[in-house]
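Naming: A, B, ... by sequence-line order, numbering from 1 per chain.
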Amino acid sequence: MSEEIYSPQFIEEKWQRHWQASGIDIASEEVGDARETYYCLEMFPYPSGNLHMGHVRNYCLGDAVARYKRMQGFNVLHPIGWDAFGLPAENAAIKHGKPPAEWTYANIEQMQVQLKRLGLSYDWSREIATCKPEYYRWEQWMFTKLMEKGLAYRKEAEVNWCDPCHTVLANEQVEDGVCWRCDTPVHKKNLAQWFIKITDYADELLNDLDQLKGWPDKVVGMQRNWIGKSSGAEVSFQVEGSNETLDIFTTRPDTLMGVTYMAVAAAHPLAIKAAENNAELADFLEECSVISTKEADVATMEKKGMPLGIHTIHPVSGEAVPVWVANFVLMSYGTGAVMSVPAHDERDYDFAKKYALNIKQVITNAAGDANVSEAAFTDPGVLINSGEFDGLKSGKAKKAITYWLTTQCKGEERTQFRLRDWLVSRQRYWGTPIPVIHCENCGTVAVPEQDLPVVLPEHLQPTGGASPLADCEEFVNVDCPQCGKAAKRETDTFDTFMESSWYMNSYTSANCDTAMVDGASMEKWAPVDQYIGGVEHAVLHLLYARFYHRLMRDVGLFDGDKVGSEPFKNLLTQGMVLLDGTKMSKSKGNTVDPKDIIQKYGADTARLFTLFAAPPERDLEWSDKGVEGASRFLHRVWVLLDKVGQTYPGQADSKVTKTLRRAIHTHIQRVTHAFEQGFAFNVAIAAMMELSNALNAFDAHDEEGKAVFEEGANALITMLAPLVPHFACECGERLGFETVAVMSAWPKVDASALIQDEINLVVQIQGKKRGEIAVSPNINQDEAMEIVQNTESISKWLEGQQIVKVILVKGRLLNIVVKPA
RNA sequence: GCCGGGAUGGCGGAACUGGUAGACGCAGGGGACUUAAAAUCCCCCGGUGGUGACACUGUGCCGGUUCGACUCCGGCUCUCGGUACCA
């Protein structure tokens with residue numbers, strides 16, 4: 001059939017040209033297109049200049065999904081774009097003395113070539129770059145809408161500041177007290193900044209997590225954790241000799257009667273006031289503030305405190321409760337003060353022991369013998385020493401005590417979230433300008449819709465310090481849209497997560513330039529059916545995008561009932577690419593350049609290896625030998641196709657042919673199943689290798705054999721198409737496919753081919769395999785037993801045994817339960 | 001501490017809904033071809049015992065349910081990821 005050898009470079013270029021010319025990767029917007037839609041999306045790349053193996057893995061996974069769904073008959077949307085704003089461009093600009101725009105656009109061009117070289121089936125007609133005004137203008141528009149609705153606001157607050165990055169950061173961007181980008185410790189600063197009220201959506205974002213059946217538990221758990229809802233009560237303690245109250249939040253109002261002291265943060269007004277004429281206390285507060293800014297090993301820090309010399313009055317008993325300042329109480333959570341119940345809280349217990357404070361037990365277990373002489377008893381239980389609340393169980397007591405406090409105006413039910421509002425302003429140049437004008441008369445004024453977009457000047461040269469926007473007079477100086485007087489533009493830009501929070505919706509509306517998105521297009525395509533990316537965005541991008549999607553819904557951009565409230569239906573978080581057990585990274589110098597692999601073996605081999613070497617969600621250990629194995633497989637299949645249409649001398653055996661046909665169809669079934677079960681491409685490929693091995697072992701001796709062999713070859717090539725598309729297309733052409741392989745219909749299982757006349761029935765005795773018998777698949781128990789009795793190698797195990805029970809699992813096994821006679 | 005994963009040969013990993021553990025690949029061993037090497041092809045490859053057919057044993061540990069457990073239940077160990085003086 002073909003004497004040519006498999007030469008990936010040649011055929012890959014050929015088919016990429018072919019696909020582009022035929023437009024098969026374009027998502028159809030034709031009204032008459034009856035196909036069901038499917039939206040497959042991978043997290044879009046930051047245009048750093050070079051594709052690394054992590055990208056390759058991410059995009060090969062997505063491409064396999066998209067191509068598989070196309071072959072299943074779906075109208076697939078598979079777009080790509082560039083998350084093009086961000087700090088690395090500014091850093092590169094400083095280094096090379098070129099504006100970030102230039103660097104960014106050059107990188108995009110370079111990475112486009114690299115992505116195309118991989119043969120990824122993107123709809124390039126919908127490509128976006130977030131740094132373009134036609135993209136970010138809608139983000140600016142949206143922000144002005146949020147200002148109108150009171151969901152975006154400017155407030156002076158204590159915020160996280162990163163010196164090297166010269167900007168503030170959102171809470172989500174601070175990891176272990178250090179900046180997520182540059183790993184330097186952040187410190188607190190008071191600054192007026194722009195926030196978006198994600199806290200208004202905290203409950204919805206939390207509750208809807210239950211809907212996300214197609215998300216990994218891990219990511220759902222991380223988001224739940226991050227939102228951090230806790231229910232309890234706020235309780236007011238009257239300060240002795242004053243009108244003031246000390247308010248605290250507790251999740252354990254049932255332990256109220258066990259309070260023996262109060263603890264406040266060093267920054268709490270009561271502590272500051274008490275320190276005014278107490279030098280020792282002032283020193284201690286100073287010590288606490290120094291430690292807290294370091295934020296290093298907070299967990300191991302010694303618990304320290306000092307009495308403030310003041311007391312509060314217990315709201316129920318009226319007893320005096322001393323107030324302490326403690327270094328473990330955070331001003332930033334709750335009210336900055338806690339009621340301490342050492343008997344039922346480990347931390348309070350340790351603190352009470354250290355400073356010899358009272359420990360009063362108010363909860364016991366069901367048996368009534370719990371004691372707190374050695375440690376705190378933190379389980380819920382039954383109330384004791386609590387007056388009228390005695391005998392209540394913790395759950396009921398929480399309600400009863402909270403209710404009592406409410407009637408006395410000394411407290412109320414309260415829910416506390418860990419989630420803070422999203423800080424979206426950044427003191428950086430290379431980002432979306434915040435569409436706001438500061439006017440001496442009118443205050444902060446949103447840029448009116450007709451004046452949008454506020455275009456970022458692209459020619460500026462950052463220096464690493466303050467944003468060059470502030471010095472750009474033609475940008476800064478503007479007339480106030482309200483009063484017309486000279487005013488100044490806001491020079492902060494948006495957090496780049498603002499762009500990535502809605503790009504998935506933007507793709508649906510590629511043809512719409514009169515609105516942020518088009519409602520009908522959203523209904524057609526959204527939400528994303530399969531989203532694929534790294535787990536590092538579990539509480540960053542993935543939380544913001546869920547939030548922003550709801551904002552778009554509530555601004556009326558689409559119908560929430562039809563599109564849904566969640567932007568991503570299914571999520572696949574792919575593992576990292578490792579070399580020698582550690583993550584590939586430039587700084588560690590343990591990288592493998594995709595370019596080299598593609599040049600040596602071709603894109604298809606690179607794709608096949610990354611899909612085969614590990615399940616998608618697990619880490620993938622890079623192996624040069626493994627790559628060679630993948631390449632070998634493709635060569636073997638290439639040569640295997642030479643057997644199509646051939647007959648070989650020898651006696652045909654219809655049984656052997658039938659067995660091959662059954663193997664073909666069981667493998668179609670297995671491959672399809674692997675694709676459907678969480679895109680287990682590694683398993684699918686293993687099944688295809690088995691099919692290839694089965695075909696290789698077969699020689700056709702007659703017309704029937706020839707036909708079955710061809711059927712198998714066709715199925716194999718078709719199923720390979722989503723994974724190694726160039727290879728499959730070339731092979732498909734050799735085999736005379738009517739449709740190009742990547743657009744061929746996915747093979748169907750012929751159930752009749754799976755039927756067997758004879759099977760090997762496993763025979764077990766006491767659950768232990770003792771042999772096999774060749775029988776009809778429909779054999780009944782008695783018939784099977786008779787064969788067993790006549791099979792010496794098995795029946796010998798039954799000698800001297802009494803048969804208690806026989807279990808026949810149809811088509812699989814026969815288990816005989818015996819006991820000594 | 002809490003939350004969520006994971007633990008199967010020398011390695012990456014298979015095993016449908018509880019039904020033959022180790023598919024497929026990599027590495028390794030042996031052989032064929034070759035003057036030789038590479039490539040390719042064939043055979044072997046969890047452990048122990050046995051020349052062998054075969055037997056025993058084996059999926060982190062201890063126990064349980066079941067005719068039968070990698071799979072289900074209870075209790076641990078180790079490991080990876082996330083997170084926290086969160087009141």
Which part of the nucleic acid does Val219(A) contact within heavy-atom distance under 4.0 Å: base, sugar-phosphate only, or nothing? nothing
When we call it a touch if two heavy atoms are under 4.0 Å apart, what does Asn693(A) touch: a base, just sugar-phosphate, or nothing? sugar-phosphate
Answer with base, sugar-phosphate or nothing: what part of the nucleic acid does Pro216(A) contact at a heavy-atom distance below 4.0 Å? nothing
Name the nucleic acid region contacted by Lys769(A), choosing base, sugar-phosphate or nothing; use a 4.0 angstrom heavy-atom cut-off, strictly under. base
Atom pairs under 3.5 Å, N or O on each side, protein against nucleotides 71-75 of chain B: can you list them with distances?
none

Contact class for Asp217(A) vs. all strands (heavy atom < 4.0 Å): base, sugar-phosphate, or nothing? sugar-phosphate
Ignoring backbone atoms, establish whether Arg632(A) has a side-chain N or O less than 4.0 Å from OP1 or OP2 of C26(B). yes
Which part of the nucleic acid, if any, lies within contact of Glu346(A), taking any heavy atom under 4.0 Å across all strands shown: a base, the sugar-phosphate backbone alone, or nothing? nothing
What does Val338(A) touch in the nucleic acid at a heavy-atom separation under 4.0 angstrom: a base, only the sugar-phosphate, or nothing? base
Would Lys303(A) and Asn327(A) count as having a side-chain donor-acceptor pair, cut-off 3.5 Å? no
Counting any heavy atom closer than 4.0 Å, what does Leu330(A) reach on the DNA or RNA strands: base, sugar-phosphate only, or nothing? base
Mind checking if Arg224(A) touches a base, just sugar-phosphate, or nothing, with heavy atoms under 4.0 Å? nothing
Using the P atom as the point on both nucleotides, what is the distance between C24(B) and G4(B), in whole Å? 37 Å
